[in-house]
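Keep in mind the model is a prediction, meaning the values are calculated, not measured. These values consider heavy atoms only, across backbone and side chains, with no hydrogens, waters or symmetry-generated copies.
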Amino acid sequence: MKKVVFAFGVFLLTMFVYGQQKQVLTTIDTTKNKIGAEFKLTLKTTIDTASKVAFPNPKMLGVLEVIQSYPIDTLRKEGRYELIKRFGLTQFDSGRYTIPRMTVLINNKPYFTDSIKVEVDNVVVDTLKQKLYDIKPIAEVSSSKSWIWKLLLFVLFLAAIGAFVYWFVKKRQIKKIEKEDFKTPIEKATSLLNSLEKKQLWQKGEVKEYYSELTNIARNYIEEAIEVPAMESTTSELIEGLRKASQKKKMSLSPETFENLEKVLKQADLVKFAKSKPLDFEITEDRKKIESAIVILDKAIPVVVEQEDELILNELQRKEQIRLQLLRKRKKRIQITVGAVLGVVVFTLSFMIVTKGFSFVKDVILGNDSKELLEGEWVYSDYGNPGVTIETPVVLKRVDLSKSLPKDGMALIKEMQSFTHGSILGKFQVLVSTYKFKQETEVDLAKAMEGSLQLIQSQGAQNMIVKQEEFDTKLGVRGLKGYGTFSFVNSITKTSTKFYYEILLFHQDGGLQQVCISHEEGDEYANQISERILNSVELKRVSN
């Protein structure tokens, strides 16, 4: 009976997985590519017209970088929609990788894509088919002209900043003038709708902001033109108030106008409060409905000819002119103040960038932990037994790593001492460990290296690249050096970070000595720290 139940459970699981795969089809253009070349991953699903689909928007898929997220293609087939989403992926290290499963939400129900294995090959360079040239002689640099180029770049940079400030201020002035020149609510609403389309908010993925501005334009128009308190009303209250106002003002409106306006407002509520994401064609149709509703409402408003009192009008115009004059003076003072401050800041930053470089300015202003370590006061000290002499930017702290080692390995160790700064997955770490065994043991440094690498992998390292070579200290003590890179995926942010590591192993005085350094790849200051530390490593040479 248990076997029958188990078989039935397996059958149900198989059918569930089959249904998942059929709902979202996963394909890739090729499973083997060169370093840096693009893999095109395609997700395809077929839905009815009432369904809503939310595709993922990852920056990394495993260790493959998403270099392009293509727009969704929509095809209509016999009353249903076929949605196609493509991603462009790449990797700059050779090896075999797996594209993990992704979650696609269809009507808020999760469906999973297939995982796909891909291979990235090195680009083979045939030096026999290429011409070889002698090394070019050293080119002399004319120091007398170098300052001219720096000055020219500095002037061009200031000119660009000045042009940008002028354009920005002028654009804001034009916007304010246009805002004041609206004569009627319909003119204001039409202009704001055109400006909203130019922003291309929903095309950039900012759907919530788009619907918020779209419905605010409609609500503002209704409040100004029909005198209904639209901004603080719910959708139901707004539609009910609009119906009453249309009857009171004797506006001839069809039920379709109210229905279309109510549908768009409710759609906007779902987007803003329920995190709904309409399809592209639905967003376009909602925009057309809002524009059509505003035009119909405006045409339905009865035209009332009012007689204006010339004296009151002149007084209002005089007050408006005074208000505008005060506003211009205040704006001018603000512009002068901001301009002066920006001028000083831009001049200082520009001078520092030209003379010191952009990276230096960025590190000075924002700070850089690696730079502070490199430029700090270094310490030259002995650690462990048998001792390792090493120079580090800070004093290493004693830590207990016995729990991280297997029990059978600890049974052979008489004494273990470890000293560290930082962590293996932090921006920078240096670790010194020494081991003494209970009895005389012949240590295989290659196997010890494998154990160290497995320990790093157990802490979350992925896609580890390993290279090995012999290493000699300045006094001639020979050991083994392992180095390469690995990736670490943050479980919370789902982002991948690449690290560079170097491990030194020595077998001296009946024990094992280890020096391990790791840091984020591409950190130039960390590279300099690592090089200085490795050059300082020394052990007492044991005579045979």
Problem - Side chain proximity check, F506 to V537, heavy atoms < 4.5 angstrom - result: yes
Handout entry: Derivation and outcome, side-chain contact (heavy atoms from CB on, under 4.5 Å), residues V118 and L89
Key = CA-CA 11 Å; V118 296; L89 313 176; over 6 Å; no
Handout entry: Under 3.5 Å: donor-acceptor pair, side chain of Q508, backbone of Q513
Key = no
Practice task
Determine the interplanar angle of the W202 and Y210 rings, folded into 0 to 90°, and report it as parallel if under 30°, tilted if 30 to 60°, perpendicular if over 60°.
Solution key: perpendicular
Practice task
Report the relative orientation of the aromatic rings in Y500 and H519; use parallel for angles under 30°, tilted for 30 to 60°, perpendicular for over 60°.
Solution key: tilted
Handout entry: L196 vs R287, side-chain contact (heavy atoms from CB on, under 4.5 Å): CA-CA, chis, key distance, verdict
Key = CA-CA 10 Å; L196 177 59; R287 195 269 186 195; 5.8 Å; no
Problem - Test item: Y383 and T434 side chains (from C-beta on) under 4.5 Å apart, heavy atoms - result: no
Problem - Euclidean distance, L41 CG relative to T27 OG1, rounded to 0.5 Å - result: 7.0 Å
Practice task
Decide if atom CZ of R96 counts as having more than 12 heavy atoms of other residues, nucleotides or ligands within a radius under 6.0 Å.
Solution key: no
Exercise for the section: For the pair D29 (side chain) and K40 (backbone), establish whether a donor and an acceptor sit closer than 3.5 Å, ignoring hydrogens and angles. Expected result: yes
Handout entry: K208, NZ: over 12 other non-hydrogen atoms inside 6.0 angstrom
Key = no
Practice task
Mind running side chain to side chain donor-acceptor pair (under 3.5 Å) on E538 and T473 for me, showing each step along the way?
Solution key: CA-CA 6 Å; E538 197 55 75; T473 67; 2.7 Å; yes
Practice task
Check whether any side-chain heavy atom of V466 lies under 4.5 Å from a side-chain heavy atom of Y501, and answer yes or no.
Solution key: yes
Practice task
Decide yes or no on side-chain contact (heavy atoms from CB on, under 4.5 Å) for N57 and F55, but give the supporting numbers first.
Solution key: CA-CA 7 Å; N57 187 26; F55 287 102; over 6 Å; no
Exercise for the section: Please indicate whether K272 has more than 12 foreign heavy atoms, meaning atoms of other residues, nucleotides or ligands, lying under 6.0 Å from its NZ. Expected result: yes
Exercise for the section: Using a 4.5 Å cut-off on heavy atoms from C-beta on, say whether the side chain of L43 contacts that of F87. Expected result: yes
Exercise for the section: Answer whether the closest heavy-atom distance between the side chains of D121 and I35 falls below 4.5 Å. Expected result: no
Practice task
Taking all non-hydrogen atoms of both residues into account, name the closest pair between I533 and E391 and its distance.
Solution key: CG1-O, 3.4 Å
Exercise for the section: Show the numbers, then the answer: is there a side-chain contact (heavy atoms from CB on, under 4.5 Å) between N527 and E524? Expected result: CA-CA 5 Å; N527 286 336; E524 293 298 325; 4.0 Å; yes
Completion exercise
Heavy-atom closest pair (L61 atom, P58 atom, distance to 0.1 Å) is CD2-CG, 3.7 Å
Problem - Euclidean distance, E469 CD relative to L480 CG, rounded to 0.5 Å - result: 9.0 Å
Problem - K199/E209 salt bridge by N-O under 4.0 Å criterion - result: no
Practice task
Answer yes or no: does atom CD of E531 have more than 12 heavy-atom neighbours from other residues, nucleotides or ligands under 6.0 Å?
Solution key: no
Handout entry: Closest contact, heavy atoms only, Q468 versus Y483
Key = N-CE2, 4.5 Å
Completion exercise
Output for pair (T389 OG1, L475 CG), nearest 0.5 Å, gives 9.0 Å
Practice task
Answer whether the closest heavy-atom distance between the side chains of S518 and L431 falls below 4.5 Å.
Solution key: no
Practice task
Measure the NZ-CZ distance between K32 and F39 for me, rounded to the nearest 0.5 Å.
Solution key: 10.5 Å
Could you tabulate the donor-acceptor pairs under 3.5 Å formed by side-chain atoms of residues 62-71, not counting sequence neighbours?
{"unit_1": "S69", "atom_1": "OG", "unit_2": "K85", "atom_2": "NZ", "d": "2.9"}
{"unit_1": "Y70", "atom_1": "OH", "unit_2": "E38", "atom_2": "OE2", "d": "2.8"}

Practice task
Measure from the side-chain N and O atoms of T90 to the backbone N and O of A37, and report whether any donor-acceptor pair falls under 3.5 Å.
Solution key: yes
Practice task
Measure the shortest side-chain to side-chain distance between F112 and T103 over non-hydrogen atoms and say whether it is less than 4.5 angstrom.
Solution key: yes
Completion exercise
Value for CG (N108) from NZ (K275), rounded to nearest 0.5 Å, stands at 11.5 Å
Exercise for the section: With rounding to the nearest 0.5 Å, note down the distance linking OH in Y97 to NZ in K117. Expected result: 13.0 Å
Exercise for the section: Find out whether L453 and F486 are in side-chain contact, i.e. whether some heavy atom of one side chain is under 4.5 Å from a heavy atom of the other. Expected result: no
Problem - Under 3.5 Å: donor-acceptor pair, side chain of T420, backbone of V430 - result: yes
